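Single-structure report; data block below.
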Amino acid sequence: MEYLEIKGNTRLGGEIDVHGAKNSVLPILAGAVLIKGESVIHNCPDLSDVRVTINILRHLGAKVKKEGSTLIVNTEKITTGNIPEEMMQEMRSSIIFLGALASRTGRACLFLPGGCDIGLRPIDLHLKALEAFGYELDFDGVNICCENNNAKASKIVFPFESVGATENAILASVFLKGTTTIINAAREPEIEDLADYLNSAGAKIRGASTSVIEIEGVEKLFSTQHTVIPDRIVASTYMSAAAITFGDLLIRNVNHSHLAPVFPPFYEMGCELYLAHNSLRIKAPSELRRVKITKTGAFPGFPTDSQATLMAALSVARGSSVIKENIFENRFRHVPELIKFGADITALSRVAVVHGVKSLHSAKVNCTDLRGGAALVVEALAAQGTSKIYNIHHIDRGYECIEKSLAQIGAGITRKNDEEGS
């Protein structure tokens, strides 16, 4: 079993690069199914979730070649619209293939997807959107089949913002005659990135950064090139790592407007933020201050994916901080693991109160999910002694070689293998 060994209590500093956004590249790769040609996609991170998606594409009949951080995807010949259970179970976002495959092949059959256990993430909004277009659905609670029998453009009104459902609706409507309108669409930067990619191939999508998106149907898409946006969640993780170690860090390859929702709590902690072209410098104070309250929300709110790593940083802040989780009801599973380091955190339902402590000690902990695992890494960076973090396959889903990235800014972190397990 692989694990991370971290020698903590070291001030981080220097320069670090942010790789491409996981939450962008996955729907973009699903969108490649729509193109009867070649997609050259730059700035693709080497993540386990990306590798799973590549395997799905190859199963469908696509040819995929990797050259550094560039993926060359040729989907001229898609031979099947079915994705087997074992592939679907490896990640939640695999549901995004439903709309793309049904649109490209006329019929798609998938298994209910897996992913991190961070709370209920029902797919009913995805299915209702497809039904509104006229796609015929057969869902027995486990298997999903979607068939295109004269589907057409329609108006979709979501009761609340859903990133995945918005992406699925976009992918399912690109070829539908007429103009589709999606009302109360999610506004995350990753959705705009997907639209930019599809538009570069000939799609006609407007308003992807707003709550109302319009898609004018086209007959086909053409070969294209696209560069994936920087991962704002990875950038916020590095910010938390700098804050908890009282460091001074230059983070390169960031988009300030995408990252802006995470700035307020760092300012409140006493960090200094300096913005330059595609970069951010964070300089932490010698003692972090509490953050009165942080509430997660859909973009442009504070991202739920940054909540766990912020909590780790706040565990050493002077005073008590409150975090309210408004997106997922089971997103505090990392709290018992943080407490093993000596953190003083009380979580009840969707509210966590973080009482800052003067110091943390080393611990052996287990990752509970992707972002919770990143929080354990952040915590261990500030702890006195040597910590071990297990079940790091969760971290590998969203961070490319996290140990190599952090080591270059002074972290004492190595990946090791323990055949006996934890």
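Please read all numbers here as calculations on a predicted model, not as lab measurements. Residue indices begin at 1 and follow the sequence shown.
Looking at D305 and K22, no side-chain N of the basic residue comes within less than 4.0 Å of a carboxylate O on the acidic one, giving no salt bridge. K340 has no carboxylate O lying under 4.0 Å from a charged side-chain N of E379, or vice versa, which leaves the two without a salt bridge. The pair E216-R206 meets the salt-bridge criterion, with a side-chain N (NZ, NE, NH1 or NH2) lying under 4.0 Å from an Asp/Glu carboxylate O.
Listed for the E188 side chain is a donor-acceptor partner under 3.5 Å among the backbone atoms of F299. Between the side chain of R11 and the backbone N or O of F246 there is at least one donor-acceptor pair closer than 3.5 Å. Between the S154 side chain and the F133 main chain, no donor and acceptor come within less than 3.5 Å of each other. In this structure, T105 contributes its side chain and L101 its backbone to a donor-acceptor pair below 3.5 Å. R58 places a side-chain N or O within donor-acceptor distance of the main-chain N or O of V64, the cut-off being under 3.5 Å. Of the possible polar contacts, none joining the S103 side chain to the A100 backbone as a donor-acceptor pair under 3.5 Å is found.
The side-chain hydrogen bond (donor to acceptor under 3.5 Å, both in side chains) check on Q408 picks up nothing, with sequence neighbours excluded. Taking the disulfide bond (SG atoms under 2.5 Å apart) definition, one finds that C109 meets it with C145, sequence neighbours left out. Remark: H226 engages Y197 in a ring pair (Phe, Tyr, Trp, His ring centres under 6.0 Å) (not counting sequence neighbours). Taking S200 as the reference, T224 meet the side-chain hydrogen bond (donor to acceptor under 3.5 Å, both in side chains) condition, with sequence neighbours excluded.
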- Message: Set out, in order, the CA-CA distance, both residues' side-chain angles and the distance that settles side chain to side chain donor-acceptor pair (under 3.5 Å) for E337 and T368, then state yes or no.
- Response: CA-CA 9 Å; E337 301 301 304; T368 57; over 6 Å; no
- Carefully, step by step, assess Y267 and R289 under the rule side chain to side chain donor-acceptor pair (under 3.5 Å). CA-CA 9 Å; Y267 281 125; R289 300 193 296 263; over 6 Å; no
- Task: Test side-chain contact (heavy atoms from CB on, under 4.5 Å) on L370 and Y399 and set out the steps.
- Result: CA-CA 9 Å; L370 167 55; Y399 297 83; 3.7 Å; yes
- Message: With side-chain contact (heavy atoms from CB on, under 4.5 Å) as the criterion, how do F341 and V365 come out once you've worked through the C-alpha distance, each side chain's angles and the decisive distance to 0.1 Å?
- Response: CA-CA 9 Å; F341 289 97; V365 292; 3.7 Å; yes
- Check against side-chain contact (heavy atoms from CB on, under 4.5 Å), I16 and S405: CA-CA 7 Å; I16 193 168; S405 297; 4.0 Å; yes
- Query: Please walk me through it: do T304 and E325 pass side chain to side chain donor-acceptor pair (under 3.5 Å)?
  - Reply: CA-CA 7 Å; T304 179; E325 173 57 53; 3.0 Å; yes
- Query: Would T237 and T309 count as a side-chain contact (heavy atoms from CB on, under 4.5 Å) if you check the C-alpha gap in whole Å, the side-chain angles of each, and the deciding distance to 0.1 Å?
  - Reply: CA-CA 6 Å; T237 300; T309 51; 3.9 Å; yes
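If you take CG on L34 and CD1 on I170, they are separated by 11.5 Å, rounding to the nearest 0.5 Å. Distance CE/M311 to CG/L314: 8.5 Å, rounded to 0.5 Å. Taking OG1 from T181 and CD1 from I215, the interatomic distance works out to 7.5 Å, rounded to the nearest 0.5 Å. Taken to the nearest 0.5 Å, the NE2 atom of H59 stands 15.5 Å off from the CD1 atom of I54. Note: L406 CG to I6 CD1 = 7.5 Å, rounded to the nearest 0.5 Å. With rounding to the nearest 0.5 angstrom, the CG atom of D369 is 10.0 Å from the CD1 atom of I395.
Residue pairs meeting the side chain to side chain donor-acceptor pair (under 3.5 Å) criterion with at least one member in residues 165-175, sequence neighbours excluded: H126-N168.
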Side-chain donor/acceptor pairs under 3.5 Å, residues 256-263, sequence neighbours excluded:
residue	atom	partner	partner atom	Å
H256	NE2	A276	O	3.0
H256	NE2	S279	O	2.7
S257	OG	N255	OD1	2.6

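The only member of H355, K292, R290 that meets side chain to side chain donor-acceptor pair (under 3.5 Å) when paired with S320 is H355.
Around the NZ atom of K66, the shell of radius 6.0 Å holds more than 12 heavy atoms that belong to other residues, nucleotides or ligands.
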